[in-house]
There are 2 protein chains.
Amino acid sequence: MENQFKQIATLIGDPTRATIMWTLLEGKAFTATELAITVTTSPQNISMHLTKLVQANLLVVESQGRHKYYRFARKEIAYAIEAMISLVPPTVNTKKIESQKVSPIKYCRTCYDHIAGKVGVALTDSLLQQQLIIENTTGFEVSPEGEKWFASFGIPLSVLKQQKRSFVRPCLDWSERRPHIAGSLATALLDKMVHEDWVRKIRGSRALVVTAKGKKEIQTHFRIDL
Amino acid sequence: MENQFKQIATLIGDPTRATIMWTLLEGKAFTATELAITVTTSPQNISMHLTKLVQANLLVVESQGRHKYYRFARKEIAYAIEAMISLVPPTVNTKKIESQKVSPIKYCRTCYDHIAGKVGVALTDSLLQQQLIIENTTGFEVSPEGEKWFASFGIPLSVLKQQKRSFVRPCLDWSERRPHIAGSLATALLDKMVHEDWVRKIRGSRALVVTAKGKKEIQTHFRIDL
DNA sequence: TCGACAGTTAAGTACAAAGTGAAGTGTTAG
DNA sequence: CTAACACTTCACTTTGTACTTAACTGTCGA
């Protein structure tokens, strides 16, 4: 067990592989070449590293024609990486007053495919407080009022519920250390917010920015002052 | 940010350092030498690694005399390590939350010149409960009843009080993580117990053993069942 | 069919960093 | 006081493994 942990740690601990994991946090699957480019290394090298990660069950690979798509094997992998990322700030923040203000990535970021960070947690709190979602023994569920609310918000739940993946579940946010919603409902929520231009994805990063319009709308819908 | 993550990852990723982190999960603080033994490496090497971990704000160190106690800088560190452990292949992932009977060094040991470990904390608790010593805002003090008690026990306080070093003060015990008495009174107490052969020092170690006589006497004087 | 592309495999090299031995500081114990 | 101990620092050696060069398999599109 201890040795297995060492193996995992050394595996993630290599700079190149760490960057791979960082990149994959975006949630989508990457091809080997895409990863080689974003990590800035050779195809042979990335191939070697990916093989190791797959063998260790940290990644899974799916072949499509001449491409191979790599992604996290389980969501726990993403959580672990996030937990490690959450260790970063204190080493930096000691410097300037300016940097004490919440960094974008902590402020609002996509956790795999749902919304995390300060905003994600606040949204979840709001949904809970309005009793649109309810905490039960196993996790979260949507209340009858919630169903109506989401429908009027433009997210009909009937479709989502039929999907394989879990509909709505709590996910611990590592920067806030409080749960936020995950699952297909959370994804739909994020999609909607992107589509309505409430938030925008920042290219080459996992951070999101909340637009002026978004701030206003979020205020009215969720009663959150950003 | 990405580079900082890489640094953290590579830092934890070294086999020796990973084992250090694993060991520290136990929650208590370890000395450099203790870590060198459990990790099975040289003192120089462990010193080097610990320095790096402290510089990265993953660990904090507290000097007590010639010992240095290392522990996690924040609880988030432990969370991250646990998240990584949860990635260990599903085969044998039953975490050992441990059987281990209390080791001698944890059981009863000298913290330089006063008595620490389970017994030390228990003694302190007993003294507090009998109101022979009293907790005030700055630390501990001996009550009038306490003075009489110590005198009858063979420790006249008048002499001790004149010494330069602090007479009685609380000292955090790292294995129990609770305070025990320190200062000249504690030293006198230990001396007395050694002299009366209640406890014996183990050569080449900081551990103490309680003799059969000691168990009996401690039971009568402190109402502690060992 | 061919050439371009995506990815793999194999062998050899290079270098950062882990580990070691020796000598240092500071602390405690007798 | 001196000796033992806890830990650090420095200078050196060693070694693991990441990365490179090169040649390979398999897939796609014109």
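Being a predicted model, the structure only gives us computed values, none of them experimental.
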Checking A:Tyr70 against A:Val54 for the side chain to side chain contact (heavy atoms under 4.5 Å, CB included) test, could you report, in this order, the C-alpha distance in whole Å, the side-chain angles of both residues, the deciding distance, and whether it holds? CA-CA 9 Å; A:Tyr70 291 88; A:Val54 169; 3.7 Å; yes

Between D:dG16 atom P and A:Gln7 atom CD, what is the distance in whole Å? 15 Å

Any side-chain N or O of A:Thr16 below 4.0 angstrom from OP1/OP2 of D:dA18? no

Distance below 4.0 Å between A:His49 side-chain N/O and D:dC19 OP1 or OP2: yes

On the side chain of B:Gln44, is there an atom forming a donor-acceptor pair with the base of C:dG21 - under 3.5 Å, no angle test? yes

Would you call the rings of B:Trp149 and B:Phe222 parallel, tilted or perpendicular, where under 30° means parallel and over 60° means perpendicular? perpendicular

The side chain of A:Arg66 is closest to which nucleotide in this list: D:dT27, C:dT8, C:dT27? D:dT27

Could you walk me through whether A:Phe30 and A:Leu24 pass the side chain to side chain contact (heavy atoms under 4.5 Å, CB included) test, one step at a time? CA-CA 7 Å; A:Phe30 282 74; A:Leu24 287 177; 3.6 Å; yes

Can you figure out which of C:dT9, C:dT20, D:dT20 approaches the side chain of A:Ser42 most closely? D:dT20

Whole-Å distance, B:Leu35 CG to D:dT8 C1', equals 15 Å

For DNA chain D, whose closest nucleotide is more 5', that of A:Pro15 or that of B:Pro43? B:Pro43

For the pair made of CG in A:Leu11 and C1' in D:dT17, what is the distance, rounded to whole Å? 13 Å

Rounded to whole Å, how long is the line connecting atom CE of B:Met48 with atom P of D:dT9? 12 Å

Between A:Arg71, A:Lys68, A:His67, which is the residue that forms a side-chain contact (heavy atoms from CB on, under 4.5 Å) with A:Glu62? A:Arg71

With sugar-phosphate meaning primed atoms plus P, OP1 and OP2, does A:Tyr69 contact a base, only sugar-phosphate, or nothing at under 4.0 Å between heavy atoms? nothing

Measure the distance from CG on B:Asp14 to P on C:dA16 and round it to the nearest whole Å. 17 Å

When rounded to whole Å, the CD1 to P distance for the pair B:Ile12 and C:dA17 reads 16 Å

Please tell me if B:Thr41 has a side-chain N or O lying less than 4.0 Å from either OP1 or OP2 of C:dA18. no

Check the distance between C:dA6's P and A:Leu50's CG and give it to me in whole angstrom. 15 Å

Just to confirm, is there a sub-4.0 Å distance from OP1 or OP2 of C:dT8 to any side-chain nitrogen or oxygen of A:Lys68? yes

To the nearest angstrom, the CG-P distance between B:Asn45 and D:dT15 comes to 15 Å

Sorted by position of nearest nucleotide on DNA chain C, 5' first, the leading residue of A:Thr51 and A:His67 is A:His67

Run the numbers on B:Ser126 and B:Gln130 for side-chain hydrogen bond (donor to acceptor under 3.5 Å, both in side chains), then give the verdict. CA-CA 6 Å; B:Ser126 170; B:Gln130 295 180 66; 2.8 Å; yes

